[in-house]
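Taking it in order: structure first as structure tokens, then the write-up.
First listed ligand is number 1; within each ligand, the first listed atom is number 1.
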Amino acid sequence: MKRVALLGCGYIGTQLALAIDSGRVPARLERVYDASAEAARTLVSKLNSKPQITENPHLLSYPPVDIVVEAASQGAVREVALSVLQNRRDLMVMSVGAFMDEAIREVLEEACGDYQSRIYLPSGAAGGLDAISAARHEIERVSITTTKNPASLRGAPHFETEGMDADSITERTILYRGGAAEAVRRFPANANVAGAVSMAAGREAEVVVVADPDAESNTHTIRVRGGFGSMEFTTSNVPEPSNPRTSRLAALSAVRTLYNYCAGGVKTGT
Ligand SMILES: NC(=O)c1ccc[n+]([C@@H]2O[C@H](COP(=O)([O-])OP(=O)(O)OC[C@H]3O[C@@H](n4cnc5c(N)ncnc54)[C@H](O)[C@@H]3O)[C@@H](O)[C@H]2O)c1
């Protein structure tokens, strides 16, 4: 049975831990860490099989752990990812936006080769990444439009940069048009899909971020074109009430990716 350590005990981390605890993912949760000790304690209190709460994130990746699952923040990826790989553990990353920093991406990709470890980037809140990844060498253009209610975008650094207030948006407004690398800096908790699409495509996606006060779902429309033909995927996601920045599908995708890692059997998709 695979042994898992969890970095981040918020919404996604909790869904992963509960999936392991209930047996839905055949694994053992060995350790957890969160910058908020209270978040870690709250998560552990919900579990029948109690993992250890570590004092710092670097203690997550010691034996017998097979995989460290990051569900925290881009900052957590920067702080911890390399040491996980150096300890020859696998790594699953939810804060995929961190990979839009070329220096981080290169160091981590190289470390995978040096230490024979793997990094898993779940599709998260988007669909179609399997097909995009299959077509990557023939892609000529890739774009993504993300539309969210301003409440789901609240707190993004973009608003401070532009001297705006998310709560003052009263009509559908294009907030950002540009590359994925800048999008994940301006909307770190909202533009992970742009990072994941870029990673799947092997090139930086063009991104549009729209705030729509009438939007009840988090919608991502991905358009890809190239020698293979064209594709368009739209996911209309229910925002998680406890954390409206995150879509329910992101947690479901995290659980399924971990299931695929831990379980044998048939794996569907590229
Ligand atoms: N790939 C995707 O499509 C996708 C979709 C949704 C969310 N996400 C990302 O996944 C991550 C987790 O999402 P969530 O909804 O569970 O968030 P959340 O805010 O509910 O939980 C995050 C937890 O991580 C902790 N944390 C943050 N930075 C940390 C650090 N440096 N070290 C240790 N702990 C830290 C916080 O205290 C919090 O408890 C976020 O970065 C989010 O942007 C990705």
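- Within the 3.5 Å criterion, the main-chain N or O of A126 finds no donor-acceptor partner in the side chain of S123.
- At the top of the distance list for atom 34 (N) of ligand 1, counting protein heavy atoms only, stands A35 N, 3.0 Å.
- When each atom of ligand 1 is checked for a heavy atom of S95 under 4.0 Å away, the hits are 10 (O), 11 (C), 40 (C), 41 (O).
- Using the six-membered ring where Trp is involved, F187 and H158 have ring planes that are parallel, under 30° apart on the 30 and 60° scheme.
- Listed by number with element, the atoms of ligand 1 under 4.0 Å from a non-hydrogen atom of A250 are 5 (C), 6 (C).
- With sequence neighbours excluded, no residue forms a side chain to side chain donor-acceptor pair (under 3.5 Å) with N237.
- Of all the atoms in ligand 1, the ones that sit under 4.0 Å from a non-hydrogen atom of A76 are 30 (C), 31 (N).
- With ligand atoms numbered from 1 in the order given, ligand 1 contributes 33 (C) to contacts under 4.0 Å with heavy atoms of Y33.
- At the shortest separation from atom 19 (O) of ligand 1 among protein heavy atoms lies N243 ND2, 3.6 Å.
- Protein heavy atom closest to atom 7 (C) of ligand 1, with residue, atom name and distance, is T246 OG1, 3.5 Å.
- Between E162 and R186, at least one side-chain nitrogen of the basic residue sits less than 4.0 Å from a carboxylate oxygen of the acidic one, meeting the salt-bridge criterion.
- In this structure a side-chain-to-backbone donor-acceptor pair under 3.5 Å is present from N149 to A215.
- A salt bridge links D167 to R154: one of the charged nitrogens lies within less than 4.0 Å of a carboxylate oxygen.
- Scanning all protein heavy atoms for the shortest distance to atom 23 (C) of ligand 1 gives D34 OD2, 3.5 Å.
- The shortest contact between atom 9 (C) of ligand 1 and any protein heavy atom is with N192 ND2, 3.5 Å.
- Heavy-atom contacts of G8 reach the following atoms of ligand 1: 24 (O) (cutoff under 4.0 Å).
- The protein non-hydrogen atom at the shortest distance from atom 13 (O) of ligand 1 is I12 CD1, 3.6 Å.
- The closest donor-acceptor contact from the side chain of T14 to the backbone of I12 lies at 3.5 Å or more, if one exists at all.
- For atom 44 (C) of ligand 1, the closest non-hydrogen atom of the protein is M94 O, 3.1 Å.
- Here the heavy atom of the protein found nearest to atom 26 (N) of ligand 1 is A72 CB, 3.7 Å.
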Side-chain polar contacts of residues 107-117 - donor-acceptor pairs under 3.5 angstrom, sequence neighbours left out - could you list them?
from	atom 1	to	atom 2	distance (Å)
S117	OG	L85	O	3.4
S117	OG	R89	O	3.2
S117	OG	Y115	O	3.3

